[in-house]
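Treat the numbers as computed from the prediction; the structure is a model and nothing was measured. So that the names make sense, note that chain A is the first sequence line, chain B the second, and so on, each numbered from 1.
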2 protein chains.
Amino acid sequence: MHNLKTLGDHADPESESTPVLDITTAEAMALLFKALSDPTRVRIIAALVEGERCVYDLAATLGMTHSAISHQLQLLRDLRVVRYRKVGRHVFYALDDAHIQGLFLQGLEHARHA
Amino acid sequence: MHNLKTLGDHADPESESTPVLDITTAEAMALLFKALSDPTRVRIIAALVEGERCVYDLAATLGMTHSAISHQLQLLRDLRVVRYRKVGRHVFYALDDAHIQGLFLQGLEHARHA
DNA sequence: CTAATATATGAGTAATTACTCATATATTAG
DNA sequence: CTAATATATGAGTAATTACTCATATATTAG
């Protein structure tokens, strides 16, 4: 199904010099998964899967302070997992792409029966 | 495609008492993603996607100490992401289920063009 | 038996993290 | 204008983490 050859060329299995996955890509992947590695962020993303939410609503829904939510949103923003849109004094956040939702749903499915 | 209603019942949108995703499930998901939220663990999993590996080979491939790899493998074992099998004085690790590989590949695809 | 090898693990530590608290900024209401 | 509201953000902190180093255990070689 998937062509794993793209993970790294193992033409010479004796050579230790060919890493399985280059470190830069591994770091990028780790950052992506870090977005989903905290319960608060998972819950924020769960809320955003249903649609745009402002900070106020997210804080109310999760029962957390606006500050805590805002800090986590900054992190998610830095990781390019969410985008935002200002409307008056509200800032509406949304998932940045379908990949995130796909990972979220796949993780949810795993967690449901594990 | 996906029925998002299963994320939580929003029959009464006014009620803040219905969380989007229950905290226990969010925590389970966060733990799963935590397995992939560190570059070393991503690289270990990348190696295991290609097949069983013993600690010695993983350490050599990643260019890290056996101790560091062993500690990370213990964490991955606790998270039920890998299983192991003893053969003589070697311990061979492998991915525990296809879900992990699916998440890994999806994350890789995201990282490749982001 | 002893020596070498592969792995596991506890203690220690520097770096990271997920908050709280205080304060700043921007928008709207009056 | 002032007051209220929504959000952002820096500093501080307790908890977590990803290692290193030392040591323990188990297996194989001789």
So which protein N/O to nucleotides 7-12 of chain C N/O distances come out below 3.5 Å?
unit_1	atom_1	unit_2	atom_2	d
dT7(C)	OP1	Val55(B)	N	3.2
dT7(C)	OP1	Val91(B)	N	3.3
dT7(C)	OP2	Tyr56(B)	N	2.4
dA8(C)	OP1	Tyr93(B)	OH	2.6
dA8(C)	OP2	Ser70(B)	OG	2.8
dT9(C)	OP2	Gln74(B)	NE2	2.9
dT9(C)	OP2	Arg77(B)	NH2	3.1
dT9(C)	O4	Ser67(B)	OG	2.8
dG10(C)	O6	His71(B)	NE2	2.9

Task: Whole-Å distance separating the CG atom of Leu76(B) from the P atom of dC19(D) - done: 11 Å
For residues 25-42 of chain A, please give each side-chain donor-acceptor pair under 3.5 Å, one per line with the distance, not counting sequence neighbours.
unit_1	atom_1	unit_2	atom_2	d
Thr25(A)	OG1	Asp22(A)	OD1	2.7
Thr25(A)	OG1	Asp22(A)	OD2	3.0
Ser37(A)	OG	Lys34(A)	O	2.9
Asp38(A)	OD2	Thr40(A)	N	3.0
Asp38(A)	OD2	Arg41(A)	N	3.2
Arg41(A)	NE	Lys34(A)	O	3.4
Arg41(A)	NE	Ala35(A)	O	3.2
Arg41(A)	NH1	Gln72(A)	OE1	2.9
Arg41(A)	NH2	Lys34(A)	O	2.9

Open item on the list: Is the shortest side-chain heavy-atom distance between Leu73(B) and Leu58(B) below 4.5 Å?
Closed with: yes
- [ ] Look up atom CG in Leu105(A) and atom CD1 in Ile45(A), then write down how far apart they are to the nearest 0.5 Å.
- [x] 11.0 Å
Can you list, pair by pair, the side-chain donor-acceptor contacts under 3.5 Å of residues 81-97 of chain A, counting residues two or more places apart and other chains?
unit_1	atom_1	unit_2	atom_2	d
Arg85(A)	NE	Glu52(A)	OE2	2.7
Arg85(A)	NH2	Glu52(A)	OE1	2.7
Arg85(A)	NH2	Glu52(A)	OE2	3.4
Tyr93(A)	OH	Arg77(A)	NH1	2.8
Asp97(A)	OD1	His99(A)	N	3.1
Asp97(A)	OD1	Ile100(A)	N	3.2

- [ ] Write down the atom of His66(B), the atom of Ala59(B), and the distance for their closest heavy-atom approach.
- [x] CD2-CB, 3.1 Å
Task: Gap separating the NE2 atom of His113(B) from the CG atom of Leu108(B), nearest 0.5 angstrom - done: 10.0 Å
Give me the distances for all protein-to-nucleotides 14-18 of chain C N/O pairs that come in under 3.5 Å?
unit_1	atom_1	unit_2	atom_2	d
dT17(C)	OP1	Lys34(A)	NZ	2.5
dA18(C)	OP2	Arg41(A)	NH1	2.7

Open item on the list: Checking Leu76(B) against Leu48(B) for the side-chain contact (heavy atoms from CB on, under 4.5 Å) test, could you report, in this order, the C-alpha distance in whole Å, the side-chain angles of both residues, the deciding distance, and whether it holds?
Closed with: CA-CA 12 Å; Leu76(B) 292 175; Leu48(B) 296 183; 5.7 Å; no
- [ ] Could you identify which residues cluster with Tyr56(B), counting Ile, Leu, Val, Met, Phe, Trp and Tyr as linked when any side-chain heavy atoms lie under 4.5 Å apart, either directly or through a chain of such contacts?
- [x] none
Open item on the list: Requiring both pairing distances under 3.5 angstrom, list the stems that contain DNA chain D and are made of three or more consecutive Watson-Crick or G-U pairs.
Closed with: C:1-30 with D:1-30
TODO: Apply side-chain contact (heavy atoms from CB on, under 4.5 Å) to Ser67(B) and list each qualifying residue two or more places apart in sequence or on a separate chain.
DONE: Thr65(B), His71(B)
TODO: Measure the CG-OG distance between Leu75(B) and Ser70(B) for me, rounded to the nearest 0.5 Å.
DONE: 11.5 Å
